[in-house]
Asker: 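Below you'll find the structure I mean.
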Amino acid sequence: LAYVVAQLAKMILLATFSFSTGAEGSTDWVQELFKMAFSAVDAVALYYLLKSSYITGDKRVQVFSVGLGWAIADSVFMRAVPLYIGATSLEFSWTWLQ
């Protein structure tokens with residue numbers, strides 16, 4: 001849940017504060033600084049998870065479980081969900097797979 005909230009916050013911040021550059025293909029350093037600053041949302045979410053009382057036990061177990069959960073959520077939402085959505089689209093047909 002924390003991963004989803006962090007990604008939604010990053011998307012909203014990027015959609016709100018990103019702007020188009022003048023020339024096509026050129027990168028603006030201010031826009032890159034905004035992207036870097038918005039990536040700090042992940043660090044804040046991880047800090048919140050580590051400081052919350054949802055996970056009890058040894059500190060090493062907390063860090064391991066938060067890291068493993070974050071990696072699994074990243075893998076599912078960045079790879080499995082787009083694969084599933086692409087496989088259920090109208091362009092995809094199961095008849096061509098053997």
Side-chain angles (χ1 to χ4, degrees):
L1 182 63
Y3 179 81
V4 174
V5 170
Q7 294 304 313
L8 285 174
K10 279 176 33 177
M11 284 193 306
I12 289 171
L13 287 172
L14 282 172
T16 303
F17 296 109
S18 65
F19 47 89
S20 62
T21 58
E24 182 155 338
S26 67
T27 57
D28 189 14
W29 64 274
V30 175
Q31 189 170 8
E32 293 299 321
L33 284 175
F34 274 129
K35 288 180 189 177
M36 184 179 63
F38 296 152
S39 294
V41 171
D42 288 336
V44 171
L46 285 171
Y47 177 78
Y48 172 74
L49 283 174
L50 288 173
K51 291 298 179 183
S52 67
S53 62
Y54 295 122
I55 304 168
T56 58
D58 187 24
K59 196 62 160 174
R60 290 185 293 166
V61 173
Q62 287 179 345
V63 171
F64 180 74
S65 60
V66 167
L68 183 64
W70 196 270
I72 289 172
D74 182 55
S75 180
V76 166
F77 284 108
M78 293 297 176
R79 289 167 183 84
V81 171
L83 180 66
Y84 176 74
I85 290 172
T88 58
S89 67
L90 295 175
E91 296 90 19
F92 184 81
S93 175
W94 288 100
T95 59
W96 303 108
L97 295 177
Q98 295 180 0

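Note that these values count all heavy atoms, side chains included, but never hydrogens, waters or copies made by symmetry. If you're wondering where the values come from, they're calculated on a predicted model, not measured in any experiment.
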Asker: Counting only heavy atoms not in K59 (residues, nucleotides, ligands), do more than 12 fall under 6.0 Å from its NZ?
Answerer: yes
Asker: With distance as the sole test, does T16 use its side chain to make a donor-acceptor pair with the main-chain N or O of L13 at under 3.5 Å?
Answerer: no
Asker: Report all side-chain donor-acceptor pairs from residues 72-83 shorter than 3.5 Å, counting only partners two or more places apart or in another chain.
Answerer:
residue, atom, partner, partner atom, Å
D74, OD1, Y3, OH, 2.6

Asker: Under 4.5 Å between side-chain heavy atoms, hopping through other hydrophobics if needed: is there a path connecting V44 to M11?
Answerer: no
Asker: Give every donor-acceptor pair under 3.5 Å between a side-chain atom in residues 33-43 and any protein atom, sequence neighbours left out.
Answerer:
residue, atom, partner, partner atom, Å
S39, OG, K35, O, 3.0
D42, OD1, Q7, NE2, 3.3
D42, OD2, K10, NZ, 3.0

Asker: For V63, which of L49, L46, L50 qualifies under side chain to side chain contact (heavy atoms under 4.5 Å, CB included)?
Answerer: L50
Asker: Do V66 and V4 belong together in a cluster built from hydrophobic side chains that touch within less than 4.5 Å?
Answerer: yes
